[in-house]
2 protein chains.
Amino acid sequence: MDGAGRGRRVTIADVASRAQVSTTAVSKVLRNAYGVSAAMRERVRAAIDELGYRPRNAARAMRGRTFTIGVLLPHINNPFFAEILDGLMAQLGGTDYQAILVQGGRDPQGESRAIDALVDRQVDGILMVAPLSSKSGLEEVATGTPTVVLGPHERSAVYDCVNNDDEAGAELAVEHLIALGHRRIAHIAQKDRNQGRPATLLHTIREQTYRRVMAEHGLAGEISVATTSYTEAGGYTGARELLARVPRPTAIFAGADLAAFGALAAIHEAGLAVPADISLAGYDNTRAAGLAHISLTSVDQDGAIMGRTAGRLLLERIEGRTTAVQFCVTPALVPRRSTARAAGTRGRGSQVSPTQGE
Amino acid sequence: MDGAGRGRRVTIADVASRAQVSTTAVSKVLRNAYGVSAAMRERVRAAIDELGYRPRNAARAMRGRTFTIGVLLPHINNPFFAEILDGLMAQLGGTDYQAILVQGGRDPQGESRAIDALVDRQVDGILMVAPLSSKSGLEEVATGTPTVVLGPHERSAVYDCVNNDDEAGAELAVEHLIALGHRRIAHIAQKDRNQGRPATLLHTIREQTYRRVMAEHGLAGEISVATTSYTEAGGYTGARELLARVPRPTAIFAGADLAAFGALAAIHEAGLAVPADISLAGYDNTRAAGLAHISLTSVDQDGAIMGRTAGRLLLERIEGRTTAVQFCVTPALVPRRSTARAAGTRGRGSQVSPTQGE
DNA sequence: TTGAAAGCGCTAACAG
DNA sequence: CTGTTAGCGCTTTCAA
């Protein structure tokens, strides 16, 4: 198994001559194609092993597949993405496909560049995780490459969608806080960088649901939103902003756990305690939310299942499916110790059993 | 700017005929090569824009570069890796190079598969972040592809190294705890999955330094190590194990912030307080360590600089450098509120100003 | 069942 | 300064 050295890389021709067959035969063996005798297959396999041959991806790409799945994600710092990726990797495990990741960043231009990079590299399929691009932009890509979009709720005829029911999830969180007797419930939202995009981005849905549920409970006057971003820094500044408002909110629903962690810091810094002074709920139920010292009430959307499903749908599309599929995970509330009954209320609404996360 | 549709993709030949020049001319313009008149360059540029042409990576790869930097990292869940990546991206920003990431996982076999995937895709350079593979394995890859290794301290003649001085960093942490009057200082280490690897892996260095410094202070008898992994789960189980020992340690030095976060959970769960009952220090100074509610004392190794440097070294190697370079960042201790004077001690050793992180 | 041969899109000699 | 041409390693018709 040398060949990787300085010399010329082992090619299919080397294998062919070693096995005394044609390059065509080797190619067929590699792809498990029809029309090869068992004996020949054996000889080729042996030659491949002896020479340590590995097909060159670029050459394959010139004619067909690259056996590569491109994954676009905004930034790798979000632990929820790691869970999605774990699911995807699990699904791809038994196959010849390899996932490669690119970071899209916070703005649509950077994201376009990242997507182009995947297209230029002829990936066989693309998983877009929480993309910022417009629907038409996504569809343009999807027309040329099998695509699954994870996050936004814009159904399309040309790509598959995997998401959780953000409306149901946000409703769970807000209803939970209301049931605990809170009225001044604030929200940390993410700024929509993409103008003209309809209300289908997950953060938009979460925010609108927050507004709707508040209004439905006669709390329209208490609506208080800080629009920053779903990051630790965003949560931090958002919470600082909210805490400075008068009267101060008694609960904060952060649109993402990551933002909730930042909020936790700001709350702490302000000399306030969670949940005694302020209840805090997040979204994503990341692993960190379950850690005992954080114990953040959050909305669970099974990232592993979403990732696994995305992988499956992608493989199906690569195999030829052209009908669009939507897959929706139903989220669940995971109450923990960061939310508690509002000061001065008691026994009204549903009871909450503060389950211990993991 | 269509062409991405279902039809044939725009090729260099299309551009050439549109601009009334040869494909060679187009190729030269693409690569900013010598020997093109300004007028021709202009015509070609125009044709490229009009047609929305993008060079096909696979075809380029057949002849030479892929303009791709492959990044291998164990798992994207570690926030420190995100900082490294940010540095790399910043360095690659102005160039034509695109970074793609692959996850290596926790075991050397998975990592090998991931590395092979990069090699098969003919990346122009590889950045291995905290690889598990043996030095010889890394060198085999480096012989064929420009390589920079970030993390392990095994100098090599064929690849560049970027790391922080783990020995100095671990020393800072342990000395800090000792200066605070602690004697029963425990350590959470990472299991070495790669047998036969000399003591050059960063986690091995951190552990050995811990042992050395303890011994130098006459605390050899107090050495207490839990060997798990540099993950939240690892820190959690490691800390539980340590807390169960009698007598219980008064301080824990976790080899990585991620492990410290897990330890924090375990300590909390055991009904103990940080730093009143137990002081806790980490390594990496991840962003989360600086958050007010966590405020973890940690050792800072500038991830962004490491990533940026790695990118620069990689580009240099791609441009032809063959001499090996080592780049070492000097770490610094960032004391925060998770470490405090040991109970029952006072005023001995150096004073500590509990600086507030970020 | 097997193999010869024609490219895929691009770059790098080499001529003009 | 410009264009012609020969491949890179693989897959895929198409004959044998």
Side-chain angles (χ1 to χ4, degrees), chain A residues 3-4 7-45 47-48 51-68 96 119-124 144 318, chain B residues 3-4 7-45 47-48 51-68 96 119-124 144 318:
Chain A
R8 202 173 46 77
R9 186 168 169 151
V10 180
T11 77
I12 202 173
D14 299 325
V15 176
S17 75
R18 168 79 125 139
Q20 306 275 32
V21 298
S22 70
T23 59
T24 310
V26 179
S27 176
K28 281 181 176 163
V29 172
L30 285 174
R31 294 169 295 123
N32 300 311
Y34 290 109
V36 226
S37 66
M40 180 175 262
R41 185 188 311 280
E42 208 35 62
R43 282 228 305 287
V44 172
R45 285 259 161 75
I48 288 177
L51 268 43
Y53 166 77
R54 295 189 60 91
R56 233 177 96 174
N57 212 270
R60 294 184 130 179
M62 292 290 287
R63 305 296 272 129
R65 298 192 177 175
T66 55
F67 295 98
T68 307
D96 285 336
V119 173
D120 294 344
R121 281 162 188 72
Q122 308 221 187
V123 294
D124 295 329
I318 291 171
Chain B
R8 202 172 48 77
R9 185 167 171 153
V10 180
T11 77
I12 203 172
D14 300 325
V15 176
S17 75
R18 168 79 125 139
Q20 306 276 32
V21 298
S22 70
T23 59
T24 308
V26 179
S27 176
K28 280 182 177 164
V29 172
L30 286 174
R31 293 171 294 125
N32 300 311
Y34 290 108
V36 227
S37 66
M40 181 176 261
R41 185 187 310 281
E42 208 36 63
R43 282 228 305 287
V44 171
R45 284 260 161 75
I48 288 177
L51 269 43
Y53 167 77
R54 295 189 60 89
R56 233 177 96 176
N57 212 270
R60 291 183 134 181
M62 292 291 287
R63 302 304 262 115
R65 298 191 177 177
T66 55
F67 295 98
T68 306
D96 286 335
V119 173
D120 294 343
R121 282 161 188 73
Q122 307 226 180
V123 294
D124 295 328
I318 292 171

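Lettering of chains follows the sequences in order, A, B, ..., and the numbering in each one begins at 1.
Using a 4.0 Å heavy-atom cutoff across all strands shown, B:Tyr53 reaches sugar-phosphate atoms only and no base atom. A:Val21 comes within 4.0 angstrom of the backbone, heavy atoms only, and of no base. Contacts of B:Val36 with the nucleic acid, taken as non-hydrogen atoms under 4.0 Å apart, involve only primed sugar atoms and P, OP1 or OP2.
Checked against C:dG9, D:dC10, D:dC1, the side chain of B:Ser37 finds its nearest nucleotide in D:dC1.
For the pair A:Met40 CE and C:dT1 P, the computed distance is 11 Å after rounding to whole Å. When the C1' atom of D:dT2 is taken as reference, atom CZ of B:Arg43 falls 11 Å away, rounded to whole Å. With rounding to whole Å, A:Asn57 atom CG is found 15 Å from C:dC8 atom C1'. Remark: P of D:dG9 and CZ of A:Arg54 are 16 Å apart, rounded to the nearest angstrom. For the pair A:Tyr34 OH and D:dT11 P, the interatomic distance rounds to 18 Å; values are reported in whole Å. Regarding B:Leu30, its CG atom lies at a distance of 12 Å from the P atom of C:dA12, rounded to whole Å. At whole-Å resolution of the value, CZ in A:Arg121 and P in C:dC8 are 23 Å apart. For the pair A:Gln122 CD and C:dC10 P, the interatomic distance rounds to 10 Å; values are reported in whole Å.
When all heavy atoms of B:Ala25 and B:Met40 are compared, the closest pair comes out as CB-SD, 3.6 Å.
Evaluated for a side chain to side chain contact (heavy atoms under 4.5 Å, CB included) with B:Val15, the options B:Ile48, B:Val29, B:Thr23, B:Val21 yield exactly one hit, B:Ile48.
Nucleotides of DNA chain D nearest to A:Met62 and B:Lys28 differ in position, and the one nearer the 5' end is that of B:Lys28. Take the nearest nucleotide of DNA chain D for B:Ser22 and for B:Ala59: the residue whose nucleotide is more 5' is B:Ser22.
Under 4.0 angstrom from either OP1 or OP2 of C:dA12 there lies at least one side-chain N or O belonging to B:Arg31. In terms of phosphate contacts, A:Thr23 brings no side-chain nitrogen or oxygen within less than 4.0 Å of OP1 or OP2 of D:dG9. Taking side-chain N and O atoms only, B:Arg60 has a distance below 4.0 Å to OP1 or OP2 of C:dT11.
Comment: A:Arg9 does not engage A:Asp14 in a salt bridge, judged by the lack of any side-chain N to carboxylate O separation of less than 4.0 angstrom. Salt-bridge check for B:Arg65 with B:Asp124: failed, with every basic side-chain N at 4.0 Å or more from each acidic carboxylate O.
On a pure distance criterion of 3.5 Å, a polar donor-acceptor pair joins the side chain of A:Thr24 and the base of C:dA4.
In the model, B:Thr68 has no side-chain atom that pairs as donor or acceptor with a side-chain atom of B:Arg121 under 3.5 Å.
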